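Lettering follows sequence order; numbering is per chain, from 1. Computed from a prediction, not measured in an experiment: that's the story for all the values here.
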There are 2 protein chains.
Amino acid sequence: MELAAAKLKFIEAWGKLGSEWGINRTMAQVHALLLISPEALTTEEIMDALSISRGNANMTLRDLIGWGLIEKQHKAGERKEYFFADKDVWNIARQVAKERKKRELEPVLKVLNELSSVVGDEKDPEYKTFKKSVNDINKLAVNVDKTLETMLKAEENWFWGSILKVFK
Amino acid sequence: MELAAAKLKFIEAWGKLGSEWGINRTMAQVHALLLISPEALTTEEIMDALSISRGNANMTLRDLIGWGLIEKQHKAGERKEYFFADKDVWNIARQVAKERKKRELEPVLKVLNELSSVVGDEKDPEYKTFKKSVNDINKLAVNVDKTLETMLKAEENWFWGSILKVFK
DNA sequence: ATAAAGTTTCAATAATTTTTGAAAGTTTAA
DNA sequence: TTAAACTTTCAAAAATTATTGAAACTTTAT
């Protein structure tokens, strides 16, 4: 396969995976493009490469910055803004884990906690089933939260070393 | 909080989490409803509880069966079909992991593998950057895949025991 | 101050995804 | 058989989400 074709395939695959995981296709594609680009790119270059509008490019880039996945760069003597992706895949994974934990897991933990404290008649099957499911999900969510917390602090080699050794 | 209100809140929270993770809101809500229901429910009961149409209910239930999260039940002397959710949260987590691994991770691993084999000029920064990103993502994806594989075979206590002990 | 270069915003439009509801299909019992 | 009870399908409609593009805004250089 040609490099040019391979790049397109990578961008497409990343976009598809993103959309399956609740991340806007275009956002995932812009990220993919920057990931495989050795140089920082301008908004115009990104618009051209992916055939998207200026407005879309601008909003997507802003979101990616919000996720901590890319940053703006300025080149000496130039007005234009350049965008550059962190290429360290472990950083990326941690950054995504950090944001999703904050945006999604934590609010759910909060609700589960409130729901854990609902009191009722232990004889009532409706209550018992509700309580058991909520408590079990809560425990699982707390374990996931703890594991993510560890991941956020960990070095890649140590993390996978520990996990894969145990599971070997 | 009243049990009735708590149930609604749980269904709502589960639906929201689902939609953030690329799972249809209604599907997550039906799953939530069945999770906290001590008895199997009919299509009609589900339609009523969530105010959804018969068509929607039917398709959603079919999808949930496809994900291995619920099953049909028949009660003696009744024509109606009843639906019942597996309440074991560890089974649920494994089932979801299994399906998403198959549907999403494996296709991506396949593409990454193809892209890893693209050859080019080691002096070309475009090629070098592409290759490095693809290889790094590939390694991460393989580690995730191995960990999921272990999870699929594991008992809940052993799994979290091992992970949390290492990370303590 | 002005104009050029560049960035941001957002209402309108387009695309996608979800839902409806009624018709077609199936199963069971009499 | 027939018809009642129930399930499935799917084209059309609704809802949601993403994208465009042009105007407004900001910054910099002269």
| query | Does B/K132 have any side chain to side chain contact (heavy atoms under 4.5 Å, CB included) partners at least two apart in sequence or in another chain, and if so, which? | reply | B/D136
| Shared ILVMFWY cluster between B/I11 and B/M47, side chains joined below 4.5 angstrom? | no
| message | So, using side-chain hydrogen bond (donor to acceptor under 3.5 Å, both in side chains) as the criterion, who are the partners of B/E45 when residues are at least two apart? | response | B/T42
Please list, one pair per line, the donor and acceptor atoms closer than 3.5 Å that link side chains of residues 78-88 of chain A to other protein atoms, with sequence neighbours excluded.
residue	atom	partner	partner atom	Å
A/E78	OE1	A/Y82	OH	3.2
A/E78	OE2	A/Y82	OH	3.1
A/E81	OE2	A/K72	NZ	3.2
A/D86	OD1	A/D88	N	2.9
A/D86	OD2	A/N91	ND2	3.1
A/K87	NZ	A/L34	O	3.4
A/K87	NZ	A/S37	O	3.2
A/K87	NZ	A/A85	O	3.2
A/D88	OD1	A/W90	N	2.9
A/D88	OD1	A/N91	N	3.1

| task | State whether the side chain of A/R94 and the backbone N or O of A/A154 hold a donor-acceptor pair below 3.5 Å, judged by distance alone. | result | yes
| said: A/D48: which residues meet the side-chain hydrogen bond (donor to acceptor under 3.5 Å, both in side chains) condition with it, sequence neighbours left out? | reply: none
| message | Does D/dT27 have OP1 or OP2 under 4.0 Å away from a side-chain N or O of A/K80? | response | no
Let me have the donor-acceptor pairs involving side chains of residues 110-117 of chain A, under 3.5 Å, with sequence neighbours excluded, atom names and distances please.
residue	atom	partner	partner atom	Å
A/E114	OE1	B/K9	NZ	2.8
A/S116	OG	A/L112	O	2.9
A/S116	OG	A/N135	OD1	3.4
A/S116	OG	A/N138	ND2	3.3
A/S117	OG	A/E114	O	2.7

| DNA chain C: stems of at least 3 consecutive Watson-Crick or G-U pairs, cut-off 3.5 Å? | C:1-30 with D:1-30
| said: What is the distance, to the nearest angstrom, from the CG atom on B/N56 to the C1' atom on C/dA22? | reply: 15 Å
| Would you call B/E149 and B/K101 a salt bridge, using N to O less than 4.0 angstrom? | yes
Output a table of donor-acceptor pairs, distance under 3.5 Å, between side-chain atoms of residues 51-65 of chain A and any protein atom two or more places apart or on a different chain; print 'none' if there are none.
residue	atom	partner	partner atom	Å
A/S53	OG	A/N56	N	3.1
A/R54	NH2	A/E44	OE2	2.5
A/N56	OD1	A/T60	OG1	3.3
A/T60	OG1	A/N56	O	2.9

| request: Within residues 15-54 of chain A, find the residues that approach DNA chain D with a heavy atom at under 4.0 Å, and present them sorted by residue number. | output: A/N24, A/T26, A/S51, A/I52, A/S53
| field | Test item: B/W160 and A/K146 side chains (from C-beta on) under 4.5 Å apart, heavy atoms | value | no
| query | Could you run down nucleotides 24-30 of chain C 5' to 3' and tag each one B, S or - for protein heavy-atom contact under 4.0 Å? | reply | ---BB--
| Which ones in residues 57-70 of chain A lie close to DNA chain C, meaning a heavy atom under 4.0 Å from one of its atoms? | A/N58, A/M59, A/R62
| said: Run the side chain to side chain contact (heavy atoms under 4.5 Å, CB included) test against B/D121 and tell me which residues pass, sequence neighbours left out. | reply: B/K123, B/D124
| said: List the residues meeting side-chain hydrogen bond (donor to acceptor under 3.5 Å, both in side chains) with A/E126, not counting sequence neighbours, and say none if there are none. | reply: B/K7
| query | What are the two closest non-hydrogen atoms of B/A28 and B/G15, and how far apart are they? | reply | CB-CA, 3.8 Å
